[in-house]
Amino acid sequence: MTPQWITDIIAVAPWLGAFCFAGFIIWKVGPVLRKWGRFLDRINGVPEDKKSGQKEIPGLFERMDRQDELLETIRHELFPNSGKSLRDAVDKQHKQLEEHLAQCPPQTTTINVNPPGGTP
């Protein structure tokens, strides 16, 4: 005949095992779930929370829209257009430099390999 305390342990063992197994799963899966949560926050965005001091984190599509606006600004500066872009200013300076160089007489340089008075 088995003692009462062994019978009590046998009755509690499955529940204790299940509790330990659930704790182990939470311990291993918890960090993965937190990473997925952060990933989804970056995709969807997080609103500003003044109570906790959390700044707004824009979602993926909001950030892509900002990048599109920035690219349009860069494209405006890189291609000739209304005269207000960087490319127009560079072209204007280049044209002025070419005109200036066309007005200047050509430089001629002579190198005298025989010094005056002959060779010593």
Colleague: Is there a chain of hydrophobic side chains (I, L, V, M, F, W, Y, each step under 4.5 Å between heavy atoms) that links Leu33 to Phe21?
Modeller: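 Looking at the clustering, Phe21 is in the same group as Leu33.
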Colleague: Indicate, with yes or no, if Val32 and Leu40 share a hydrophobic cluster defined by side-chain heavy-atom contacts under 4.5 Å among Ile, Leu, Val, Met, Phe, Trp and Tyr.
Modeller: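 Per the 4.5 Å side-chain linkage, Leu40 and Val32 are co-clustered.
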Colleague: What residues form a side-chain contact (heavy atoms from CB on, under 4.5 Å) with Asn81, not counting sequence neighbours?
Modeller: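 side-chain contact (heavy atoms from CB on, under 4.5 Å) list for Asn81, sorted by chain: His76, Ser85, Asp88.
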Colleague: Quick one: salt bridge (Lys or Arg N to Asp or Glu O under 4.0 Å) partners of Glu72, sequence neighbours excluded?
Modeller: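 Checked Glu72 against salt bridge (Lys or Arg N to Asp or Glu O under 4.0 Å); matches are Arg75.
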Colleague: Is Leu16 reachable from Phe24 through a run of hydrophobic residues whose side-chain heavy atoms are each under 4.5 Å from the next?
Modeller: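 Per the 4.5 Å side-chain linkage, Phe24 and Leu16 are not co-clustered.
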Colleague: State which residues pass salt bridge (Lys or Arg N to Asp or Glu O under 4.0 Å) with Asp91; sequence neighbours excluded, sorted by chain then number.
Modeller: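 Asp91 satisfies salt bridge (Lys or Arg N to Asp or Glu O under 4.0 Å) with Arg87 once adjacent residues are dropped.
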Colleague: List the atom pairs, donor and acceptor, that lie under 3.5 Å between side-chain atoms in residues 51-68 and the rest of the protein, sequence neighbours left out.
Modeller:
{"from": "Ser52", "atom 1": "OG", "to": "Asp49", "atom 2": "OD2", "distance (Å)": "3.0"}
{"from": "Arg63", "atom 1": "NH2", "to": "Arg42", "atom 2": "O", "distance (Å)": "3.3"}

Colleague: Return a table of donor-acceptor pairs under 3.5 angstrom between the side chains of residues 3-14 and protein atoms on other chains or two or more places apart.
Modeller:
{"from": "Gln4", "atom 1": "NE2", "to": "Asp8", "atom 2": "OD1", "distance (Å)": "3.1"}
{"from": "Thr7", "atom 1": "OG1", "to": "Pro3", "atom 2": "O", "distance (Å)": "3.2"}

Colleague: Does any part of the side chain of His94, heavy atoms only, come nearer than 4.5 Å to the side chain of Glu98, both counted from C-beta?
Modeller: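 Counting from C-beta outward, Glu98 and His94 do come under 4.5 Å.
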Colleague: Checking Trp36 now: which residues fulfil ring pair (Phe, Tyr, Trp, His ring centres under 6.0 Å) with it, not counting sequence neighbours?
Modeller: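 Checked Trp36 against ring pair (Phe, Tyr, Trp, His ring centres under 6.0 Å); matches are Phe39.
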